[in-house]
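This structure is a prediction, so every number in the text was calculated from the model and none was measured. Residue numbers start from 1 in every chain, and the chains themselves are labelled A, B, ... in the order their sequence lines are given, proteins ahead of strands.
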2 protein chains.
Amino acid sequence: MPTPHQSRADRRRATEARILDSARGLFAAKGFERTTIRAVAAAASVDPALVMQYFGSKRELFTQAVQAFPAPLTTTDTDALVDQLLSSLGPKLGGLPEGTLVMMRSMLTDQAAADHVRAALGRQIDSIGAALPPSEDPELRAALVITTLLGVTIGHQLLSLASLRDAPSDRIAALLRPAIKALAGPPG
Amino acid sequence: MPTPHQSRADRRRATEARILDSARGLFAAKGFERTTIRAVAAAASVDPALVMQYFGSKRELFTQAVQAFPAPLTTTDTDALVDQLLSSLGPKLGGLPEGTLVMMRSMLTDQAAADHVRAALGRQIDSIGAALPPSEDPELRAALVITTLLGVTIGHQLLSLASLRDAPSDRIAALLRPAIKALAGPPG
DNA sequence: CCATTCGTTCAACACTTGTTGACCCACTCA
DNA sequence: TGAGTGGGTCAACAAGTGTTGAACGAATGG
C-alpha cells in the first residue's frame with residue numbers, strides 16, 4: 001500500500017530505512033549468525049534480493065546497523081565521571097542505543113564484532129584511566145570499571161535477569177555508585 | 001596409530017573422550033553456531049558420522065561438553081563469601097572450568113545456553129542474596145555482585161582485553177574486593 | 001578358524017544460507 | 001503519449017550444514 005504524496009526517492013529512502021530497522025532489531029535480538037537476510041527481508045516486507053542490492057552483503061548490512069559504539073568520555077572530576085557512566089546504563093529502561101546492543105549481542109561469537117568491541121572498550125578504558133585519581137594501576141582500575149558496567153548491562157539487557165529487570169534503574173545506579181567509586185581509586 | 005595393549009572398549013572410550021575434548025575446545029572458542037560437527041570430527045581425527053553415532057546430535061554434544069555451571073555457594077560470612085567469589089575468577093589464569101566458558105561464549109546467541117545461564121545465575125543470586133547482610137534489596141545486591149564478576153570474566157577470558165590479560169590476577173582480586181563489598185551491603 | 005560383533009568410514013540426502021542475474025512494471029519526464 | 005529509468009521481485013545457483021544408512025575390516029570369542 002504505497003503512501004500517497006511520496007516521491008519515488010522518498011519511497012526508496014523509506015524502504016531502505018525500514019530494512020535497516022528490521023535488521024537492527026533482528027541483529028540485536030539474535031546476533032549476527034542467527035539473523036538471516038531472508039528474515040530481515042520478511043520483517044521489512046521486501047524481497048531478500050533487495051536487501052542485497054541496497055547493502056551489498058550481510059556483513060555490510062551489519063556494520064551499517066551498528067554504527068558506533070559509545071564515544072569515550074572525558075571528565076576530570078571522578079564523581080561526574082561515575083555519574084556519566086551510570087547514566088549510560090539507562091535513565092529509564094534500556095538507555096543505550098540499539099546499535100550498541102547489536103554489537104554486544106554478537107561480540108562473543110563474531111570475530112569482527114569482537115574486534116570492534118575490544119577496540120571501543122580499549123578507547124574507553126584509556127580515556128577513563130587518564131581521568132582517574134592518581135593510583136598504582138589507573139588503567140587496570142578503568143578496565144574493571146568498564147567490565148563491571150558491561151556485566152551489569154549484559155545481565156540486564158541481554159540476559160534479562162529477573163532481579164535486574166524488576167529493579168528501578170535509579171536504584172541500580174545508587175547501589176552501583178559506591179562500587180564504581182571503590183574501583184576508581186582512593187577516596188578524595 | 002593404535003596404541004598397543006589397549007582393548008577395543010578402551011580405544012572406544014579414548015575416541016569418545018577425544019571427540020568431547022575437541023568439541024569443548026571449539027565450542028569454547030567459537031560458540032555453538034559457528035562450531036561445526038565436521039570441524040569437531042577433524043580436530044579429533046575422526047569421521048563426522050562417528051560424532052553423530054556417539055552423541056546423537058550436535059545439541060546433545062554441546063550439553064555433554066558443558067556439563068555444569070558452578071554450583072551456588074553458601075556462606076554466612078560476607079568476607080568469606082567475597083573471597084570465595086573472587087577465587088572463582090581464577091587463582092592464576094583462567095581458573096574456571098572450560099565447560100563454563102563454553103556456556104558463557106554461547107549465552108548471548110543461543111536460546112538454550114541463555115536459559116541455562118539464566119537459571120544458573122538465578123540460583124547463585126538467590127543463594128548469595130540469602131547470605132548477604134540484611135539490607136533493603138539483598139537479591140538486587142546479589143545480582144549486581146554476580147553480574148559484576150560476569151562482566152570482568154567476559155572481559156578477561158572471552159574478550160581478552162589487554163588491560164586485564166596483562167594484570168596479575170591477585171591484583172585484580174585485590175582491586176575488586178572493596179567494590180564487591182560495597183555492593184554486598186552495609187559495612188559490618 | 002570361522003562367524004560375528006562393533007568401531008569406523010563413505011557417500012549421499014534434504015535443507016538452509018548468502019548471493020546473483022534476468023526480469024517486470026509503475027512512475028517520471030520530455 | 002511514449003521511451004526509459006529504477007524500485008522491486010522471481011528463480012536459481014553454489015556452498016555448507018546436520019544427519020543418515022549402508023558398507024568395510026580388524027579385533028573378538030566360541
Is there a donor-acceptor contact under 3.5 Å from the side chain of [X] to the main chain of [Y]?
{"X": "B:Ser163", "Y": "A:Ala143", "result": "no"}
{"X": "A:Ser7", "Y": "A:Asp10", "result": "yes"}
{"X": "B:Asp137", "Y": "B:Glu139", "result": "no"}
{"X": "B:Arg105", "Y": "B:Gly31", "result": "no"}
{"X": "A:Ser169", "Y": "A:Ile172", "result": "no"}

- What is the minimum heavy-atom distance between B:Val51 and B:Ala41, and which atoms define it? CG2-CB, 3.9 Å
- All heavy atoms of A:Gly185 vs all of A:Pro133, minimum pair found to be CA-CG, 4.4 Å
Atom [atom1] of [X] and atom [atom2] of [N]: how far apart are they, to the nearest Å?
{"X": "B:Arg34", "N": "D:dG18", "atom1": "CZ", "atom2": "P", "result": "13 Å"}
{"X": "B:Asp47", "N": "D:dA23", "atom1": "CG", "atom2": "C1'", "result": "12 Å"}
{"X": "B:Arg8", "N": "D:dT28", "atom1": "CZ", "atom2": "P", "result": "6 Å"}

- Note on the structure: Numerically ordered, the residues 12-33 of chain B set in heavy-atom contact under 4.0 Å with DNA chain D is none
- Quick one, which residues of residues 52-61 of chain B touch DNA chain D with a heavy atom under 4.0 Å? B:Met52, B:Ser57, B:Lys58
- If you check every side-chain atom of B:Arg11, which of C:dT8, D:dA26, D:dT5 has the closest atom? C:dT8
- Measure from the side-chain heavy atoms of B:Ala49 and tell me the nearest of D:dT20, D:dT17, D:dT9. D:dT20
- Of the residues in residues 37-45 of chain A, which ones touch DNA chain C at a heavy-atom distance under 4.0 Å? A:Ile37, A:Arg38
- Item | Side-chain heavy-atom pair A:Leu121, B:Leu159 within 4.5 angstrom cut-off | yes
- Note on the structure: B:Phe62 meets the ring pair (Phe, Tyr, Trp, His ring centres under 6.0 Å) criterion, sequence neighbours left out, with B:Phe27, B:Phe32
- Message: Does C:dT28 have OP1 or OP2 under 4.0 Å away from a side-chain N or O of A:Ser7?
- Response: no
- Residues forming a side chain to side chain donor-acceptor pair (under 3.5 Å) with B:Glu98, sequence neighbours excluded: none
- Note on the structure: Sequence neighbours excluded, the answer for side chain to side chain contact (heavy atoms under 4.5 Å, CB included) partners of B:Thr147 is A:Val152, A:Leu161, A:Leu164, B:Leu144
